[in-house]
Amino acid sequence: MNANLFALLASRFPQNPDADALLIPDGPTLSYGWLDAQTARYAGLLKKIGVEPGARVCVQIEKSPQNLVLYLACLRAGAVYLPLNTAYTPSEVAYFLGDATPRLLVCDPGKLEALRPIAQEAGVVHVLTLGSDGTGDLSEQANVCAPDPWIYDAKPDDLAAILYTSGTTGRSKGAMLSHANLASNALALHQIWGWRPGDVLIHALPIFHVHGLFVAVHCALLNGSAMWFLPKFDAQTVLGLMDRATVIMGVPTFYTRLLALKNLNRESTAAMRLFISGSAPLLAETSDAFAERTGRRILERYGMTEAGMIASNPLDGDRIPATVGYPLPDVAARITDDRGAPLKAGEIGVLEIKGPNVFKGYWKMPEKTAAEFRPDGFFITGDMATIADDGRISIVGRAKDLIISGGFNVYPKEVEQAIDAIPGVIESAVIGLAHPDFGEAVAAVIVADGSAPLDEPSVLAALKDHLARFKQPKAVFFVEELPRNAMGKVQKGQLRQCYEATFQ
Ligand code: ATP
Ligand code: MG
């Protein structure tokens with residue numbers, strides 16, 4: 001059997017080629033027949049210009065239907081799709097090209113001039129353009145190719161994509177994902193989230209990352225569903241579509257922005273059956289506020305580039321705020337101490353996982369890969385978590401963010417929760433800073449809304465009775481906003497750097 005993920009997806013496309021695939025507000029509706037024919041044309045072009053199975057296709061372009069076509073065409077042709085964040089500068093792109101040595105680079109027409117010499121330097125054979133409106137050399141050349149119905153006969157372990165991690169804790173690493181990795185995860189999510197005939201997805205995420213490219217797209221295509229394919233997230237536009245959709249997947253910021261709209265209520269969301277959140281922790285406060293306004297509890301799930309989705313709150317049954325639910329079917333999870341010894345239910349340690357979703361390793365980093373796996377095949381996620389008696393996982397934070405102050409472990413999330421509960425605080429980030437006596441000292445960076453007078457003494461006074469002394473911040477800073485990357489994740493490394501001299 002062909003293990004190519006595209007073969008699986010195509011086997012679920014609707015019988016009727018006129019069925020809607022991509023819905024574009026103020027634009028043409030694109031059918032499954034169109035999607036199939038276009039991917040066959042683009043795959044034909046890839047073959048023609050010598051993009052062999054296994055060759056990398058590096059892509060830094062704006063989201064568009066043609067961008068999705070290019071991804072699917074790479075699967076079809078057995079090429080390895082390698083999308084890059086559109087925010088990366090040419091010098092950052094140079095690193096990825098040198099690292100991944102793609103045969104083809106597809107870039108925005110506006111970046112061609114800057115990227116062509118960089119691509120040449122890295123030995124990239126072809127550079128083609130694709131703009132946000134779908135025009136460019138790539139689509140021009142593909143549109144005159146005859147659709148090639150061939151689908152590369154992939155083995156389960158053949159690489160389908162290399163996705164670079166978000167770079168929250170350091171330099172991005174290229175995670176090698178196979179057709180079987182992606183297919184198993186897609187099938188599991190399609191099943192546990194109860195996809196059904198007639199579902200329509202609101203797709204407002206970027207497609208250079210696991211969440212938008214794999215989780216959202218694969219679920220919709222496996223279901224033969226239509227998706228509202230939006231270039232970016234705009235809260236008012238998205239809310240306006242909720243009478244013609246049933247499922248949305250978003251990062252927590254989507255939900256806080258929706259909550260800022262007065263007309264987010266039971267009526268405006270009545271047609272929706274599922275709100276999913278992931279990529280970063282969803283605050284219990286956001287989850288509660290959303291439930292109060294809409295009568296619906298957001299379903300939070302957890303995953304990472306290296307493994308796709310790992311755990312999810314249940315479709316039926318309680319969705320508990322600040323937990324990420326149960327491991328997916330076929331995924332084993334355990335909590336260990338820093339030497340890898342298993343811990344008991346409820347104890348905080350590092351989350352390790354094993355399953356068909358777990359990647360094949362970091363591209364060109366065999367030592368790093370080996371260091372992240374236990375001898376029995378479990379992958380060390382680098383996230384600190386607990387697993388309760390009933391199997392529910394709660395993410396406590398990243399192992400790299402753990403603060404050890406005076407020999408005691410401080411989990412930033414616990415301190416952040418206490419600070420966020422102080423009236424006038426919008427959000428906070430708690431970090432460890434080098435300290436001559438304590439090794440590390442707890443420091444808090446706070447965003448306030450101005451509704452209450454807040455300064456360091458008043459924050460410390462408010463925390464005094466809630467946190468053990470060693471957990472209390474030794475410095476408090478106020479900022480307009482926290483530094484975040486494209487996925488909305490707080491860049492704690494940047495904060496640590498900014499305040500590193502505080503106690504020196
Ligand atoms: P890098 O590995 O380069 O430092 P990154 O870990 O942010 O970057 P991703 O793979 O995009 O890169 O993100 C996965 C991480 O996001 C997880 O390891 C976890 O820390 C966090 N995450 C994802 N979903 C959730 C969630 N629901 N709750 C808490 N954290 C989450
Ligand atoms: Mg990571």
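Order of appearance sets the numbers: ligands from 1, and atoms from 1 within every ligand.
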Checklist entry - Is ligand 1 under 4.0 Å from a heavy atom in the side chain of Thr168, in the backbone, in both, or in neither? => result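 Contact part for Thr168 vs ligand 1: both backbone and side chain.
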Next on the checklist: Using a 4.0 Å heavy-atom cut-off, which part of Ser277 comes near ligand 1: side chain, backbone, both, or neither?
Outcome noted: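 It is neither part, as no heavy atom is under 4.0 Å.
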Checklist entry - Are the aromatic ring centres of Phe379 and Phe359 under 6.0 angstrom apart? => result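 When the ring centroids of Phe379 and Phe359 are compared, they turn out to be within the sub-6.0 Å range.
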Checklist entry - So, the side chain of Asn223 versus the backbone of Ala220: is there a donor-acceptor pair under 3.5 Å, distance only? => result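 Looks like no, no N/O pair under 3.5 Å.
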Checklist entry - Distance-only, no hydrogens or angles: does the Gln60 side chain make a donor-acceptor pair with backbone N or O of Val93 under 3.5 Å? => result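 No, because the side chain of Gln60 does not come within donor-acceptor range (under 3.5 Å) of the backbone of Val93.
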Checklist entry - Any Lys/Arg nitrogen of Arg484 or Glu427 sitting under 4.0 Å from an Asp/Glu carboxylate oxygen of the other? => result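 Here Arg484 pairs with Glu427 in a salt bridge, since their nearest N and O are under 4.0 Å apart.
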Contact with ligand 1 for [X], non-hydrogen, under 4.0 angstrom:
{"X": "Thr381", "value": "no"}
{"X": "His211", "value": "no"}
{"X": "Lys400", "value": "no"}

Which protein non-hydrogen atom lies closest to [atom], naming both residue and atom, and how far is it?
{"atom": "atom 4 (O) of ligand 1", "result": "Thr169 OG1, 2.4 Å"}
{"atom": "atom 19 (C) of ligand 1", "result": "Asp383 OD2, 3.3 Å"}
{"atom": "atom 22 (N) of ligand 1", "result": "Ser279 O, 3.6 Å"}
{"atom": "atom 11 (O) of ligand 1", "result": "Ser166 OG, 2.6 Å"}
{"atom": "atom 6 (O) of ligand 1", "result": "Arg398 NH1, 2.9 Å"}
{"atom": "atom 13 (O) of ligand 1", "result": "Lys489 NZ, 2.6 Å"}
{"atom": "atom 30 (N) of ligand 1", "result": "Pro281 CD, 3.7 Å"}

Under a 4.0 angstrom heavy-atom cut-off, which atoms of ligand 1 come close to [X]?
{"X": "Val324", "answer": "27 (N)"}
{"X": "Met304", "answer": "10 (O), 14 (C), 18 (O)"}
{"X": "Glu300", "answer": "26 (C), 27 (N), 28 (N)"}
{"X": "Thr305", "answer": "9 (P), 10 (O), 11 (O)"}

Any nitrogen or oxygen of [X] lying under 3.5 Å from a nitrogen or oxygen in ligand 1? Just yes or no.
{"X": "Gly278", "result": "no"}
{"X": "Arg301", "result": "yes"}
{"X": "His209", "result": "yes"}

Next on the checklist: We want to know whether Asp420 and Ser428 form a side-chain donor-acceptor pair, criterion being a heavy-atom distance below 3.5 angstrom.
Outcome noted: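 Their side chains do contain a donor-acceptor pair, which is all the 3.5 Å distance test asks for.
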Checklist entry - Does the side chain of Leu68 come within less than 4.5 Å of Phe229's, by heavy atoms? => result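 Yes - at least one pair of side-chain heavy atoms lies under 4.5 Å apart.
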Checklist entry - Are any of the side-chain heavy atoms of Trp193 and Cys219 separated by less than 4.5 Å? => result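 Trp193 vs Cys219: side chains touch.
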Next on the checklist: Whether Arg171 engages the ring of Tyr95 as a cation-pi pair (distance to the six-membered ring centre under 6.0 angstrom, angle to the ring normal within 45°) should be assessed.
Outcome noted: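 The answer is yes, since Arg171 meets both limits relative to Tyr95.
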Checklist entry - Think Arg296 forms a cation-pi with Phe290, using NZ or CZ under 6.0 Å from the six-ring centre and within 45 degrees of its axis? => result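 That pair does not qualify as a cation-pi contact.
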Next on the checklist: Arg374: which residues meet the side chain to side chain donor-acceptor pair (under 3.5 Å) condition with it, sequence neighbours left out?
Outcome noted: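 Arg374 satisfies side chain to side chain donor-acceptor pair (under 3.5 Å) with Glu352 once adjacent residues are dropped.
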Item to check | More than 12 heavy atoms of other groups within 6.0 Å of Glu121 CD | outcome: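 No, not enclosed.
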